[in-house]
Amino acid sequence: AAKVEAARFDQFRKEPDAKVRILHNNTVSELMEVDAPMLRGEIAYHEGRYDKAFSLLRTAVRRQDELKYDEPWGKMQPIRHALGGLLLEQGHLKEAEEVFRKDLKFHPKNPWGMTGLAECLRRKENGSCCAATTEKENKEMNGHGSHLGEIRQLEEDTAEQRKSKWADFEVKCSCACCKELTN
């Protein structure tokens, strides 16, 4: 089904109107040029073709970075959330952390980026997958080169955002495309 929809998307992308229609400061064609490798990258990932997936997602990130500045952002979904989350899922902690840190420079306090970075740091801290940090562990490791203070700050910032009347669901992972944390 996803491949059929991707083919339909490619047809829309080739429409002549996409090159002349403008959404904020970018053409629709430019925005769709970001989405095309993202869509194909997520499909490749879920087919188990991880190298191809990460290559396509990196291309989408590069294209997103090349868009003209917009306020609000012309491309509302940061591709780095998918790239970072899927890298994290495959255990590529270093690159995933770099991806989320860069995302948070572009989108400060974004709950998906903060959630992804916190999970990267948690895994680095615990040397395992998804293990939560206990209060006792926080006290024992605080100040000893750990990431616990940063994790705690990211969690507090995310919790503070949850108090907003606009927060309609809890962000549990950086992207809904992540199988490990959404199943």
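Only a predicted model underlies this, so the values are computations on that prediction, with no experimental measurement involved.
In this structure, the side chains of C120 and F100 come closer than 4.5 Å at one or more pairs of heavy atoms. Side-chain contact check for P37 versus L57: every heavy-atom pair is 4.5 Å or farther apart. Using a 4.5 Å cut-off on side-chain heavy atoms (C-beta onward), Q77 and C175 make contact. Using a 4.5 Å heavy-atom threshold, the side chains of R58 and L87 count as touching. Residues K172 and T115 are not in side-chain contact: their nearest non-hydrogen atoms beyond the backbone lie 4.5 Å or more apart. Within the 4.5 Å cutoff, the side chain of E30 has no heavy atoms near those of the V34 side chain. Taking the side chain as every heavy atom from C-beta outward, E97 and L121 approach each other to under 4.5 Å. By the 4.5 Å heavy-atom criterion applied to side chains, S174 and M114 are not counted as neighbours.
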Taking it one step at a time, do K124 and E119 satisfy side-chain contact (heavy atoms from CB on, under 4.5 Å)?
CA-CA 9 Å; K124 283 175 70 174; E119 184 60 27; over 6 Å; no
Apply side-chain contact (heavy atoms from CB on, under 4.5 Å) to residues R13 and F9 and explain how you reach the verdict.
CA-CA 6 Å; R13 206 164 48 101; F9 178 82; 3.7 Å; yes
Please determine whether salt bridge (charged side-chain N to carboxylate O under 4.0 Å, His left out) holds for the pair R101 and E150, giving the CA-CA distance in whole Å, both sets of side-chain angles, and the decisive distance to 0.1 Å.
CA-CA 12 Å; R101 287 191 186 283; E150 187 176 7; 2.7 Å; yes
Using the salt bridge (charged side-chain N to carboxylate O under 4.0 Å, His left out) rule, take R152 and E155 through it: C-alpha gap first, then chi angles, then the decisive distance, then the call.
CA-CA 5 Å; R152 189 172 23 258; E155 290 171 344; over 6 Å; no
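Shortest non-hydrogen contact noted between A118 and I151 is O-CG1, 4.2 Å. Of all the heavy atoms in H81 and D103, the pair that sits closest is NE2-OD2, 2.9 Å. Minimum heavy-atom separation, P78 to M76: CD-O, 3.1 Å. In terms of heavy-atom proximity, A2 sits nearest to I43 at O-CD1, 3.7 Å. Closest approach of L88 and A96 over heavy atoms only: N-CB, 3.8 Å. The nearest pair of heavy atoms linking A60 to M38 is CB-N, 3.8 Å.
Using a 4.0 Å cut-off between charged nitrogen and carboxylate oxygen, E47 and R40 do not count as a salt-bridge pair. Contact check on D35 versus R63 returns no salt bridge, with no Lys/Arg side-chain nitrogen under 4.0 Å from an Asp/Glu carboxylate oxygen. Under 4.0 Å is where a charged nitrogen must lie from a carboxylate oxygen, and between R122 and E125 no such pair does. Look at E33 and K75 and you find no salt bridge, because none of the NZ, NE, NH1 or NH2 atoms lies under 4.0 Å from a carboxylate O. A salt bridge is absent between K102 and E98; no separation between the charged side-chain nitrogens and carboxylate oxygens falls under 4.0 Å. Checked for salt-bridge contact, D65 and R80 meet the test: a charged N lies under 4.0 Å from a carboxylate O.
The line from OG of S29 to CZ of F12 is 14.5 Å long, rounded to the nearest 0.5 Å. A distance of 8.5 Å separates CD1 of I22 from CG of N25, quoted to the nearest 0.5 Å. Note that CD of E42 is 7.5 Å distant from CG of L39, once rounded to the nearest 0.5 Å. Between K14 atom NZ and D10 atom CG the span is 5.5 Å, to the nearest 0.5 Å.
The main-chain N or O of S55 is found under 3.5 Å from a side-chain atom of T59 such that the two form a donor-acceptor pair. Although no hydrogens or angles enter the test, the distance criterion places no donor-acceptor pair under 3.5 Å between the side chain of N26 and the main chain of L31. Distance alone, capped at 3.5 Å, is enough to place a donor-acceptor pair between the R162 side chain and the F169 backbone. At least one donor-acceptor pair under 3.5 Å links the side chain of H46 to the backbone N or O of C177.
Surrounding CZ of R49 are more than 12 heavy atoms belonging to other residues, nucleotides or ligands, all under 6.0 Å away.
A continuous path of Ile, Leu, Val, Met, Phe, Trp and Tyr side chains, each step under 4.5 Å between heavy atoms, connects L148 with L117, placing both in one hydrophobic cluster. No continuous path of ILVMFWY side-chain contacts below 4.5 Å connects W112 to L93, so the two sit in separate hydrophobic clusters. I79 and V99 fall within a single hydrophobic cluster, where Ile, Leu, Val, Met, Phe, Trp and Tyr are joined by side-chain heavy atoms under 4.5 Å apart, directly or via other members. Placement of Y50 and L56 in two distinct hydrophobic clusters is found when ILVMFWY residues are connected by side-chain heavy-atom separations under 4.5 Å, directly or transitively. In the hydrophobic clustering of this structure, V61 groups with L67; members are Ile, Leu, Val, Met, Phe, Trp, Tyr whose side-chain heavy atoms approach within less than 4.5 Å, directly or through other members.
Under the 3.5 Å distance criterion, with hydrogens and angles disregarded, a donor-acceptor pair is assigned to the side chains of E71 and Y69. If you check the side chains of Q161 and D157, you find no donor sitting under 3.5 Å from an acceptor.
Checked against the 6.0 Å centroid threshold, F54 and H92 count as a close aromatic pair.
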